[in-house]
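Chain A is the first sequence line, chain B the second, and so forth, proteins listed ahead of strands; every chain is numbered from 1.
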There are 2 protein chains.
Amino acid sequence: MTSDRIWPPLFERLKTTTGASDQDLQALAALPFTLRHYRENQTVLRDGEQPSECCLIADGFCMRAKTIADGRRQILSIHIPGDLPNLQNLHYAAMDHDLVALSDCTLAFIGHRALKDLIRERPGVGDMFWRDTLVDAAISREWIVNVGQRSTYNRLAHLIVELRERLRLIGRVIDNTFAIPLTQEQLGEAMGVTSVHTNRILRDLRIDGVLELQRGTVKIFDEHKLQELAQFDGRYLHLSPSA
Amino acid sequence: MTSDRIWPPLFERLKTTTGASDQDLQALAALPFTLRHYRENQTVLRDGEQPSECCLIADGFCMRAKTIADGRRQILSIHIPGDLPNLQNLHYAAMDHDLVALSDCTLAFIGHRALKDLIRERPGVGDMFWRDTLVDAAISREWIVNVGQRSTYNRLAHLIVELRERLRLIGRVIDNTFAIPLTQEQLGEAMGVTSVHTNRILRDLRIDGVLELQRGTVKIFDEHKLQELAQFDGRYLHLSPSA
DNA sequence: TGCTGTTGATAACAAAGGTTAAATTGGGCC
DNA sequence: GGCCCAATTTAACCTTTGTTATCAACAGCA
């Protein structure tokens, strides 16, 4: 993976969602970075750690997760190529959750110093990144709704549609089929239910002809039914610069 | 309520959490604003609306909330004096949830233009606000954990401890007693359970001698037991500038 | 090839939480 | 004081989800 390979997913997303200027993107592309590779399940940043760099997902999937005293774990977000899952460390030092690789993945690390200098020099870059963290927050709020109010059946449908819409932005959905490299246990940790119950729900979705999940890949069979279940209102993703 | 009355809670919080410079705070205090009063239960900003101002809670409590298609509602956050609950509109136009007054309250509205100009002129002010939105996001993530993984009994304890820590910052906790102006139905909407179940849990907490909630006021009786239930690790509030 | 560990599938039973309904409390107001 | 309305409290019953335990499928590997 070389320099010209790490930026496309982020730039694609920024161009669609913020109408980023070419100059700002060129300035970004000039940033120095270090590539690191992680294996499935490997922890990238640990709760409590104080990283001096922010990372860009160049390839693969990651998750934020938090483990509480009794050992239960909640997955907080799923991150895909083009995401910057620890921009928050630009403004506070310590991680308050783990960042873990969901699949083998490649991350580009960019030092805080270089990022902060660029942001001071080009406020437009800062605006893009600030916006990015705000949309990230909006997604977290939607997850509160998902876990708090939707039935598990609808909840899983919503989670899948959200991920699909985000993957679509970076061109990773083909034939209504896309990657979701989580085990049933991890899907459960994202939804606040056990793996046993996740299995029940997946079976129902399969039997009802809505979708199938096999070895980390979802295939949607009944788009209409899926929409009806997810009741997905994507405004919270703020995909257009004007919204 | 006059100019010298609206800023103290915010300044208190910023001084503790960011080590804000006096110049930055003075510049903030010079911002023009409009005061508006809201009654309990009145909607301040509606989902879909595109406000041209950000608001500072000068007095009273507000909440963010989202209503889904089947009519169920999830409370996403509770806001107290000194909070800026719609800073996100500086970077995207449309609200993706409602902002509602939980009690009678007074809000100071500051135009986006004035705020953006100040941020460009004084990047330190922008940093403080960006950080503020990042901590807001960290709180949302903790709410996902709360709703997804904790038992309702522990969940309510956690919610109460979090609110107390935030109120303590602005000097609103006296004798381990403080305001939490939510009905049992609203507490349920914050926890993702029904009002009937909220009532059961409150009864248990009362019987177990942990705390009592009456007419919007909590009194803690057994701090040790409360800690044990909430398993509260406040690092996600990032109360110190160095963390 | 067969071993091993992880993931997925399923069943029986238990616990948590939802639904509905009814009664009670308490504050605001005439 | 008495009325009204919202909020609280409780009970009975039902649904959803968790727990525990097996077993099957499957990938990695010696």
Side-chain angles (χ1 to χ4, degrees), chain A residues 39-42 68 70-75 100-104 146-157 159 179-208 211-219 229, chain B residues 39-42 61 63 68 70-75 100-104 146-157 159 179-208 211-219 229:
Chain A
R39 311 293 285 274
E40 181 181 329
N41 242 337
Q42 199 179 343
I68 61 177
D70 67 0
R72 299 169 65 93
R73 183 169 76 159
Q74 175 69 41
I75 293 178
V100 181
L102 277 167
S103 63
D104 289 353
N146 210 29
V147 177
Q149 301 298 336
R150 283 189 259 264
S151 74
T152 318
Y153 195 63
N154 295 355
R155 195 181 306 171
L156 184 48
L159 188 154
I180 172 168
L182 281 79
T183 64
Q184 293 184 1
E185 175 156 29
Q186 290 168 334
L187 276 175
E189 287 172 329
M191 296 193 292
V193 300
T194 60
S195 61
V196 174
H197 197 57
T198 305
N199 184 276
R200 287 196 269 250
I201 300 300
L202 278 170
R203 171 172 49 71
D204 293 347
L205 285 167
R206 195 182 331 117
I207 289 172
D208 297 346
L211 58 82
E212 210 163 61
L213 197 163
Q214 262 176 350
R215 265 162 278 119
T217 299
V218 203
K219 284 183 210 234
L229 293 174
Chain B
R39 313 292 285 273
E40 182 182 327
N41 242 338
Q42 199 179 341
F61 284 60
M63 63 175 168
I68 61 178
D70 68 359
R72 300 169 65 94
R73 182 169 78 159
Q74 174 69 41
I75 293 178
V100 182
L102 277 167
S103 63
D104 291 352
N146 211 29
V147 177
Q149 301 298 336
R150 281 189 260 266
S151 74
T152 318
Y153 195 62
N154 295 357
R155 195 181 305 171
L156 184 48
L159 188 154
I180 174 166
L182 281 80
T183 64
Q184 294 184 2
E185 176 155 28
Q186 290 168 334
L187 276 175
E189 288 172 330
M191 295 193 292
V193 299
T194 60
S195 61
V196 173
H197 196 59
T198 305
N199 184 276
R200 288 196 266 249
I201 300 301
L202 278 170
R203 172 171 49 72
D204 292 347
L205 285 168
R206 195 183 327 118
I207 288 173
D208 297 345
L211 57 83
E212 210 164 60
L213 196 164
Q214 262 177 349
R215 265 159 279 122
T217 299
V218 203
K219 285 183 210 232
L229 293 174

Exercise for the section: Could you check which residues of residues 193-206 of chain B get a heavy atom under 4.0 Å from DNA chain D? Sort them by number, please. Expected result: B:Val196, B:Asn199, B:Arg200, B:Arg203, B:Arg206
Problem - More than 12 heavy atoms of other groups within 6.0 Å of A:Glu212 CD - result: yes
Handout entry: Distance (rounded to the nearest 0.5 Å) between A:Ile201 CD1 and A:Leu213 CG
Key = 13.5 Å
Rounded distance (Å) that lies between atom [atom2] of [N] and atom [atom1] of [X]:
| X | N | atom1 | atom2 | result |
| --- | --- | --- | --- | --- |
| A:Gln184 | C:dA9 | CD | C1' | 8 Å |
| A:Glu189 | C:dG8 | CD | C1' | 15 Å |
| B:Gln186 | D:dT8 | CD | P | 9 Å |
| A:Arg72 | D:dT19 | CZ | C1' | 11 Å |
| A:Arg39 | C:dT6 | CZ | C1' | 16 Å |
| A:Leu213 | C:dA9 | CG | C1' | 14 Å |
| B:Leu187 | D:dT9 | CG | P | 11 Å |
| B:Arg150 | C:dG17 | CZ | C1' | 19 Å |

[X]: which residues meet the side chain to side chain donor-acceptor pair (under 3.5 Å) condition with it, sequence neighbours left out?
| X | result |
| --- | --- |
| A:Asp208 | A:Tyr153 |
| B:Arg150 | B:Glu142, B:Asn146, B:His158 |
| A:Arg72 | B:Gln149 |

Handout entry: Heavy-atom pair with the smallest gap, counting every atom of A:Gly188 and A:Thr198
Key = CA-OG1, 3.2 Å
Fill in the blank from the handout: Heavy-atom nearest pair, B:Leu182 first then B:Leu187, reads CD2-N, 4.0 Å
Fill in the blank from the handout: One would report the end-axis bend of the helix from C:dT1-D:dA30 to C:dC30-D:dG1, five pairs per end and rounded to 10 degrees, as 40°
Sub-4.5 Å side-chain heavy-atom contact between [X] and [Y]:
| X | Y | answer |
| --- | --- | --- |
| B:Met63 | B:Gln186 | yes |
| B:Ile180 | B:Leu159 | yes |
| B:Arg200 | B:Gln184 | no |
| B:Arg155 | B:Val193 | yes |

Practice task
Indicate, with a heavy-atom threshold strictly under 4.0 Å, whether A:Gly192 touches base, sugar-phosphate, or nothing.
Solution key: sugar-phosphate
Practice task
Using a heavy-atom cut-off of under 4.0 Å over every strand shown, decide if A:Ser151 touches base, sugar-phosphate, or nothing.
Solution key: nothing
Fill in the blank from the handout: Protein-proximity profile, nucleotides 23-30 of chain D, B/S/- by nucleotide at the 4.0 Å heavy-atom cutoff, equals --------
